[in-house]
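Heads up: the structure comes next, in structure tokens.
Values below: every heavy atom of this structure, side chains too, minus hydrogens, waters and symmetry copies.
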Amino acid sequence: MAHAFQPGEDVPTSGVYRITHAPPHPAMPEEVTAIKGRQFPSCPLCDHLTYELIHPALHVREVPPLFEPDDLKEVGMRDA
């Protein structure tokens, strides 16, 4: 089983994460995209929520040739 992350923890790797709600919410998505460095959000409808990485993928701002100079401030990077 993959490592389960909790709401409030920092996202370690950008990518697609499986969400497990307890109790389950049929109307909620089962997968979401999370961005490295942000925090996993909580759910106001359940008591327990976990996130498991199922597919790592770089966010476009994590790829130096693709980001704009103003993006450097947003991702905490210095001039390349």
Side-chain angles (χ1 to χ4, degrees):
M1 184 168 130
H3 178 77
F5 297 95
Q6 307 295 319
E9 289 186 74
D10 289 340
V11 176
T13 304
S14 294
V16 178
Y17 286 77
R18 177 178 295 112
I19 304 174
T20 303
H21 293 265
H25 311 304
M28 296 294 275
E30 295 179 10
E31 297 177 355
V32 295
T33 302
I35 300 171
K36 180 180 179 177
R38 297 189 181 177
Q39 289 186 340
F40 290 107
S42 59
C43 175
L45 304 175
C46 63
D47 299 324
H48 187 67
L49 177 66
T50 59
Y51 295 86
E52 293 179 60
L53 180 64
I54 56 175
H55 179 78
L58 291 175
H59 185 272
V60 69
R61 291 184 175 161
E62 294 177 279
V63 182
L66 300 178
F67 60 68
E68 298 293 326
D70 289 341
D71 294 339
L72 294 172
K73 295 175 197 164
E74 195 169 317
V75 296
M77 299 176 75
R78 286 180 256 133
D79 290 274

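Taking SG of Cys46 as the reference point, atom CE of Met28 lies at 7.5 Å (rounded to 0.5 Å). Considering CD of Glu62 and CD1 of Ile35, their distance stands at 8.0 Å, rounded to 0.5 Å. Taken to the nearest 0.5 Å, the OG1 atom of Thr13 stands 9.5 Å off from the CG atom of Leu58.
Other residues, nucleotides and ligands place no more than 12 heavy atoms under 6.0 Å from the CD atom of Glu30.
Grouped with Ile54 in one hydrophobic cluster are Val16, the linkage being side-chain heavy-atom contacts under 4.5 Å among Ile, Leu, Val, Met, Phe, Trp and Tyr residues. In this structure, Tyr17 belongs to a hydrophobic cluster whose other members, linked by side-chain heavy atoms under 4.5 Å apart, are Phe5, Val11, Ile19, Val32, Phe40, Leu49, Tyr51, Leu53.
Nearest heavy-atom pair across Glu9 and Ala4 is OE2-O, 4.4 Å. Gly37 and Asp10 get closest at one heavy-atom pair: O-OD1, 4.4 Å.
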